[in-house]
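None of these values were measured; they are calculated from a predicted model.
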Amino acid sequence: MEDSKSKEVQPSITVGQQPIIIQQSKTNSKGVVGFVCSLLTMILCWIPLLGILLGIISFIFSILGLSKEPKGLAIAGLIISIVAIPFVVLYQILFGSILKSLLYIKPL
């Protein structure tokens, strides 16, 4: 004898004699935003300040996305943002120092 309390009830619509089961998919919008922003951080790291801002936004949204299910994209976004933020900062420092040395005019 099966216990009816252990079964999960899914909403259904009956059309004639055939029931149509409606399955609701779960999404983690904060995790998706964190993942997409972390990818944009890696792509747009050469634009001053935009890469750093996107990195911080992706880190925050990925942390917030860890509180919801499914956690896959939130974890991926968190890992990418942790790797990307120091990379972007180093890239900006390197790019700024190269640009400064190229634009520096020595006085006569």
- line: Between the CZ atom in F35 and the CG atom in L40, the distance rounded to the nearest 0.5 Å is 10.5 Å
message: Quick check against the 3.5 Å criterion: does N28 have a side-chain atom that pairs as donor or acceptor with the backbone of P70?
response: yes
query: How would you list, by chain and number, every residue that makes a side-chain contact (heavy atoms from CB on, under 4.5 Å) with P48, sequence neighbours excluded?
result: Q92
task: Mind checking side-chain contact (heavy atoms from CB on, under 4.5 Å) for I60 and listing every partner two or more places apart, or none if nothing turns up?
output: I56, L64
- request: Would you kindly confirm whether F95 and L103 end up in one hydrophobic cluster when ILVMFWY residues are joined by side chain heavy atoms under 4.5 Å apart?
  value: yes
task: Work out which heavy atom in K26 is nearest to a heavy atom in E69; give both atom names and the distance.
output: CB-O, 4.5 Å
message: Are V83 and F87 linked, directly or through intermediate hydrophobic residues, by side-chain heavy-atom contacts shorter than 4.5 Å (ILVMFWY only)?
response: no
- prompt: Which heavy atom in S38 sits nearest to a heavy atom in S58, and how many Å separate them?
  reply: N-CB, 3.3 Å
statement: Taken in chain and number order and not counting sequence neighbours, the residues that satisfy side-chain contact (heavy atoms from CB on, under 4.5 Å) with I79 are I75
task: Establish whether L90 and L99 are linked, either directly or via other cluster members, by ILVMFWY side-chain heavy-atom contacts under 4.5 Å.
output: no
- prompt: Mind checking who shares a hydrophobic cluster with I57, ILVMFWY linked at side-chain heavy-atom distances under 4.5 Å?
  reply: V33, F61
- prompt: What residues, two or more places apart in sequence or in another chain, satisfy side-chain contact (heavy atoms from CB on, under 4.5 Å) together with S62?
  reply: L78
statement: Smallest heavy-atom separation, I98 atom then S101 atom, equals O-OG, 2.8 Å
query: What residues join Y104 in its hydrophobic cluster, counting side-chain heavy atom gaps under 4.5 Å, either direct or through other members?
result: none
Fellow cluster residues of L53, listed by chain then number, with links counted only when side-chain atoms sit under 4.5 Å apart: none
- request: Show which residues join L49 in its hydrophobic cluster (side-chain heavy-atom contacts under 4.5 Å, direct or indirect), or state none.
  value: none
- prompt: Out of curiosity, L54 CG to I85 CD1, how far, rounded to the nearest 0.5 Å?
  reply: 10.5 Å
field: Over all atoms of both residues, closest heavy-atom pair of Y91 and W46
entry: CE2-CA, 3.4 Å
message: Among V36, T27, V32, which residue satisfies the side chain to side chain contact (heavy atoms under 4.5 Å, CB included) criterion with L73?
response: V32
